[in-house]
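Every chain is numbered from 1 and lettered A, B, ... according to where its sequence line falls, protein lines coming before strand lines.
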Amino acid sequence: MPHDLPKAYDPGAIEPRWAEYWVREKLFHVDTPPADTTRPVFTLILPPPNVTGRLHMGHMLNQTEMDIVIRWHRMRGFLTLWLPGTDHAGIATQMMVERQLAAEGKSRREIGREAFVARVWEWRQHYGGAILEQMRRLGASVDWSREYFTMDERMSRAVREAFVRLYDEGLIYRGKYIVNWCPRCITAISDLEVVHEETPGKMWEIRYPVIGSKNEYIVVATTRPETMLGDTAVAVNSADERYRHLHGRKVLLPLMNREIPIITDDILANPEFGTGAVKVTPSHDPNDFEAGLRNNLPQIEVMNETAQMNANAGPYQGLDRFEARQKVLEDLERGGFLVSTKDYVVPLGKCSRCSTIIEPRLSTQWFVKIQPLAERAIDVVEKGDISFVPENYTRTYFEWMRNIHDWCISRQLWWGHRIPAWHCKACAGIVVAREAPEKCTQCGGPVEQDSDVLDTWFSSGLLPCSALGWPEQTPELDAFYPTTLLVTSFDILFFWVARMIMMNCHFMRGRGPQRAPDLGSAEWLKGDIPFSTVYIHALVRDAEGQKMSKTKGNVMDPIRTIERYGTDAVRFTLAAMAAPGTDIAFSESRTESYRAFANKIWNAARFLFMNVDKAQPAGVWSLDEFKGAQVLVGNTNPGIRGFRAETLEDRWILSRFNRVAQEIGEALATYRFHEAAHVIYHFFWGEYCDWYLELIKPRLTAADPELARPAYGNLIGIFEGALRLLSPFMPFITEELWHAVYDGQPPAKSIALVAYPQPDSAQMDPEAETGMAILQDLIVSVRNIRAELKVEPKQKLAIEVHADSGVRLLFERNRGAVERLANVEGIAFVGQSLAKAAGARSTARFDVRVLYERKVDVSAERDRLTKELMKLTQQLTRASAQLGNEAFLARAPEKVVEGLKRRKAEVEILIGKIRTALDELDLVKQ
RNA sequence: GGGCGGUUAGCUCAGCUGGUUAGAGCGCCUGCCUUACAAGCAGGAGGUCGCAGGUUCGAGUCCUGCACUGCCCACCA
């Protein structure tokens with residue numbers, strides 16, 4: 001029995017069931033539409049989580065926002081595709097499996113490449129689906145039938161195609177350069193994978209003896225003395241007078257006893273800094289590398305791939321780089337070469353994966369010549385074809401794009417896309433091809449594939465076009481590319497977003513304009529862009545505003561939070577706190593309050609069903625009357641149907657519903673999730689439950705079925721509509737209750753598949769809203785007086801009201817409401833103002849007092865009135881000053897002037913009433 | 001060294017394009033188990049919007065400076 005709800009809302013009892021139902025029924029699967037479809041299309045690609053990943057709050061925020069947008073579009077009639085997938089995450093996954101091997105006492109080198117890769121696939125088979133399983137639990141309405149993995153064969157094909165094309169166009173090259181090298185991961189990494197940290201360290205000054213002069217030295221400064229073993233020159237600025245006489249001379253490199261030249265080079269950014277002379281180590285520093293090329297210096301590598309000193313380091317061979325540093329310093333000291341040791345803050349580069357200090361290393365790698373790609377990527381954003389929300393990220397994007405460096409894409413790993421290049425064993429030529437060549441195309445010799453794999457971001461940078469079938473011309477590409485939106489976090493803006501823009505714009509170049517981005521939009525999406533809007537969401541921090549990190553131990557597991565409060569409550573928390581551009585300090589107290597919100601909705605439903613179950617058998621009302629309401633997608637006005645606005649509260653709630661639908665629509669269209677969440681929260685709890693439900697109660701039990709019938713229709717109608725409004729935010733509870741509303745026979749398989757309420761201005765009723773506000777004001781005033789007088793809650797009291805005829809009529813018509821909600825028995829309307837009456841309350845529209853024998857607490861009353869008077873007087877002063885200002889009257893919009901005048905009049909009336917009341921109090925005292 | 005953001009109630013945060021009385025949740029105080037909900041109901045207290053100037057008829061909102069604070073980027077030994 002769907003109506004038989006347990007008393008307390010228990011998310012654990014309903015959420016897994018619906019999560020499973022949505023997947024099993026394939027509710028969110030969409031067929032690829034024909035190319036000529038007229039249906040508006042909305043495409044969103046899920047930023048593929050790492051296969052190694054576990055869900056964290058950042059994912060949950062990300063997915064909540066995406067799911068809200070997706071469900072909202074789907075309910076508005078878009079053909080909506082949300083495409084899920086996972087990323088093979090090169091280094092991360094390889095490390096995971098290596099750890100596993102280590103636990104078995106094995107290493108990847110022992111078992112060999114082929115076995116290792118097989119082992120990773122096996123790992124992925126077992127554990128790789130964890131994060132997507134977690135996504136299912138969140139209710140993410142993705143199309144599971146289209147799931148991809150970035151190592152799938154079709155993705156590999158796209159990767160090879162992209163590589164070969166870029167190579168053929170001269171945009172990929174191979175060469176020996178200084179790269180960021182992680183000696184622990186034993187691979188090159190890109191600039192972006194290096195984290196710079198200001199670390200307290202030392203700067204040492206070392207003197208190099210000048211050959212051919214006695215007691216003459218050049219003093220150089222360094223933070224990495226061990227690299228001096230590879231020095232091949234000392235550089236000074238050509239304009240530096242101090243060293244002019246040494247141009248063309250040589251120094252003797254201490255410890256190594258190697259003669260190296262003194263060169264003049266502009267390597268020195270600032271000749272004032274340090275001693276004005278630097279050691280030059282072309283194999284171990286990017287600047288020195290360049291200087292080495294300019295000056296034809298030899299490159300002497302002194303370290304191996306694990307940053308241990310090699311044979312070129314002479315006596316230091318075999319030492320780790322930091323041991324070597326100590327030893328070098330000791331030896332320099334002993335030889336009298338060490339001039340000074342100073343504290344110095346060094347910007348140390350560390351591997352973003354394992355925090356090992358990066359060693360700049362000379363090695364042969366593959367690079368993307370990025371400038372030409374960046375130019376187009378800048379262009380599409382400048383032209384507005386792609387826009388960022390919040391828009392200030394545009395600047396950051398340009399900043400990065402304009403200072404971009406070539407991208408090192410080769411990794412010395414085993415897990416990843418193999419570079420489609422083959423080396424000839426005979427002539428050392430290179431063949432780059434889509435498929436493995438049989439032999440060298442130049443000399444016919446045997447070939448062997450390059451052992452490196454590609455940076456993970458090379459394959460994810462091809463999304464979304466690769467996920468839609470590129471390089472094939474698939475119907476999916478036709479229908480869904482460009483995608484509409486990308487929702488992601490700031491930290492992968494450069495890693496991923498920027499690269500997708502560069503690569504997609506490059507490969508999809510020349511594609512004509514596609515569909516419109518939104519309903520009723522006259523604009524068309526440009527054909528080559530990967531997405532038209534990038535929404536950058538906030539970082540989720542802990543309740544203290546600290547970044548969540550494993551080392552701090554403040555990481556929240558969303559699944560655990562969900563188990564405690566329910567998915568809906570956690571989703572709602574994230575949505576309600578997701579103001580664009582600001583970080584989220586996730587607080588469980590908020591989640592608790594949103595669970596209470598869910599409970600409130602739950603109990604409102606119980607109340608409804610309890611009454612309905614009595615009314616139906618009595619023939620007062622039948623669900624069939626309601627079933628006629630059109631809520632199916634495609635209906636032009638899927639708001640509240642069959643509503644009969646017969647009373648003030650009916651007109652009011654209908655008006656409010658429409659206004660709320662409008663506000664939510666506007667908020668969601670601009671990604672203002674928090675605003676939308678607040679609006680629906682306030683409407684449901686503060687208006688529907690607190691007022692409408694209370695006001696309508698007597699009509700539900702009215703003896704006259706003609707009175708009761710519309711009340712039921714309205715009550716259920718608004719409830720059902722509100723569920724639809726709320727559904728994208730809280731998909732589970734709304735699904736459960738929506739099915740229950742229809743007694744298990746809903747007009748569609750899911751609330752997610754019916755229409756989102758659209759505002760209807762014809763149903764907005766400002767007069768009813770004003771009237772209701774006055775009525776609420778009266779009820780609250782009476783409750784307030786009662787509380788001040790400490791009247792027994794159960795005791796009914798008579799009241800006197802003074803008001804003009806219009807307001808009086810309003811009160812008379814809603815007499816019952818006042819009596820019930822303010823616990824009043826008998827309302828007398830009086831002709832004269834009640835301002836003098838002790839304990840009366842006044843508003844600009846009415847005075848009210850209760851008839852009660854207990855004396856007013858004179859001093860408390862005086863305090864209250866005095867405070868009120870001060871506030872109002874301040875307001876009056878300000879308002880008068882403004883209204884007396886010619887410039888204000890001339891320049892301010894009429895609406896503002898009118899509003900202020902009205903307010904001033906009200907304030908004046910109130911001040912008068914309060915003065916009277918205060919005078920009266922003084923009389924009482926005397 | 002560049003760039004971006006924050007500072008609003010005891011706490012955590014909203015406040016979009018400057019416009020009538022600055023809001024929410026939690027916490028706090030008072031009273032209620034009023035048959036939908038104590039995860040609730042009713043009432044209430046609490047803010048010189050970081051500081052100093054400026055623009056404007058009008059500033060929490062725009063500009064300048066300062067203080068504190070967070071983040072991103074960067075090949076100055």
So, is [X] close to the [N] phosphate, meaning a side-chain N or O under 4.0 Å from OP1 or OP2?
X: A/K7; N: B/C37; value: yes
X: A/W691; N: B/C41; value: no
X: A/N403; N: B/C73; value: no
X: A/H674; N: B/G15; value: yes
X: A/K867; N: B/A45; value: no

Any idea which of [options] is nearest the [X] side chain?
X: A/A8; options: B/A77, B/A39, B/G44; result: B/A39
X: A/A579; options: B/A14, B/G43, B/A39; result: B/A14
X: A/H196; options: B/C75, B/C41, B/U12; result: B/C75
X: A/R672; options: B/G15, B/A42, B/A36; result: B/G15
X: A/Y9; options: B/A39, B/A36, B/G15; result: B/A39
X: A/R783; options: B/C72, B/A42, B/A77; result: B/A42
X: A/F494; options: B/A36, B/G5, B/C73; result: B/C73

Practice item. Show your working on side chain to side chain donor-acceptor pair (under 3.5 Å) between A/R606 and A/N603 and close with a plain yes or no. Key: CA-CA 5 Å; A/R606 287 183 61 230; A/N603 278 290; 2.8 Å; yes

In whole Å, I'd like the distance from the [atom1] atom of [X] to the [atom2] atom of [N].
X: A/Y671; N: B/A14; atom1: OH; atom2: P; answer: 20 Å
X: A/E694; N: B/A42; atom1: CD; atom2: P; answer: 8 Å
X: A/Y344; N: B/G1; atom1: OH; atom2: P; answer: 11 Å
X: A/W400; N: B/A74; atom1: CH2; atom2: P; answer: 9 Å
X: A/E290; N: B/A77; atom1: CD; atom2: C1'; answer: 16 Å
X: A/W685; N: B/G25; atom1: CH2; atom2: P; answer: 9 Å
X: A/F597; N: B/A39; atom1: CZ; atom2: C1'; answer: 13 Å
X: A/R864; N: B/G43; atom1: CZ; atom2: P; answer: 15 Å

Point to revise | Residue among A/F673, A/Y393, A/F388 satisfying ring pair (Phe, Tyr, Trp, His ring centres under 6.0 Å) with A/Y535 | key: A/F673

Review point. Is the number of heavy atoms from other residues, nucleotides or ligands within 6.0 Å of CZ (A/R820) greater than 12?
Key: yes

Exercise for review: Verify, without hydrogens or angle tests, whether A/E193 (side chain) and A/S190 (backbone) share a donor-acceptor contact under 3.5 angstrom.
Suggested key: yes

Review point. So, A/R786 side chain and A/V850 main chain: donor-acceptor pair closer than 3.5 Å or not?
Key: no

Review point. With a 4.5 Å limit on heavy-atom distance, are the side chains of A/E736 and A/D568 in contact?
Key: no

Counting any heavy atom closer than 4.0 Å, what does [X] reach on the DNA or RNA strands: base, sugar-phosphate only, or nothing?
X: A/V780; answer: sugar-phosphate
X: A/N599; answer: base
X: A/F490; answer: sugar-phosphate
X: A/H682; answer: nothing
X: A/S593; answer: sugar-phosphate
X: A/W204; answer: nothing
X: A/L693; answer: base
X: A/R395; answer: sugar-phosphate
X: A/R595; answer: base

Practice item. Enter the distance from A/L695:CG to A/L821:CG here, rounded to the nearest 0.5 Å. Key: 5.5 Å

Review point. Roughly how far, to the nearest 0.5 Å, is CD of A/E663 from CG of A/L668?
Key: 12.0 Å

How far, in whole Å, is [M] from [N] if one measures between their [atom1] atoms?
N: B/U61; M: B/U7; atom1: P; value: 11 Å
N: B/U17; M: B/G53; atom1: P; value: 26 Å
N: B/G5; M: B/A59; atom1: P; value: 24 Å
N: B/G60; M: B/U21; atom1: C1'; value: 15 Å
N: B/G18; M: B/G70; atom1: C1'; value: 27 Å
N: B/A77; M: B/C72; atom1: C1'; value: 25 Å
N: B/U64; M: B/C11; atom1: C1'; value: 33 Å
N: B/G46; M: B/C51; atom1: C1'; value: 23 Å

Review point. What do the steps show when you test A/F597 against A/F729 for ring pair (Phe, Tyr, Trp, His ring centres under 6.0 Å), and what is the final call?
Key: CA-CA 12 Å; A/F597 178 45; A/F729 300 85; 10.0 Å; no

I'd like to know if [X] pairs up with [Y] as an ion pair, taking the criterion as any Lys NZ or Arg NE/NH1/NH2 lying under 4.0 Å from an Asp or Glu carboxylate oxygen.
X: A/R902; Y: A/E906; result: no
X: A/K895; Y: A/E898; result: no
X: A/E359; Y: A/R224; result: yes

Check your understanding: Taking for each residue the nucleotide of RNA chain B bearing the nearest heavy atom, is the 5' side occupied by A/D10 or by A/P286?
Key -> A/D10

Review point. With nearest nucleotides of RNA chain B determined for A/K697 and A/E788 from heavy-atom distances, which residue corresponds to the more 5′ nucleotide?
Key: A/K697

**Study point:** Strand RNA chain B as a dot-bracket string - pairs counted if Watson-Crick or G-U with both distances under 3.5 Å, | where the partner lies in another strand
**Key:** (((((((..((((.....[...)))).(((((.......))))).....(((((..]....))))))))))))....

Exercise for review: State whether the distance check finds a donor on one side and an acceptor on the other, under 3.5 Å, for side chain A/N287 versus base B/C75.
Suggested key: yes

Point to revise | Proximity of A/Y594 and A/Y681 rings by center, below 6.0 Å | key: yes

Practice item. Going 5' to 3' through nucleotides 19-24 of chain B, assign each nucleotide B (protein heavy atom under 4.0 Å from a base atom), S (under 4.0 Å only from sugar-phosphate atoms) or - (no protein heavy atom that close). Key: BBB---

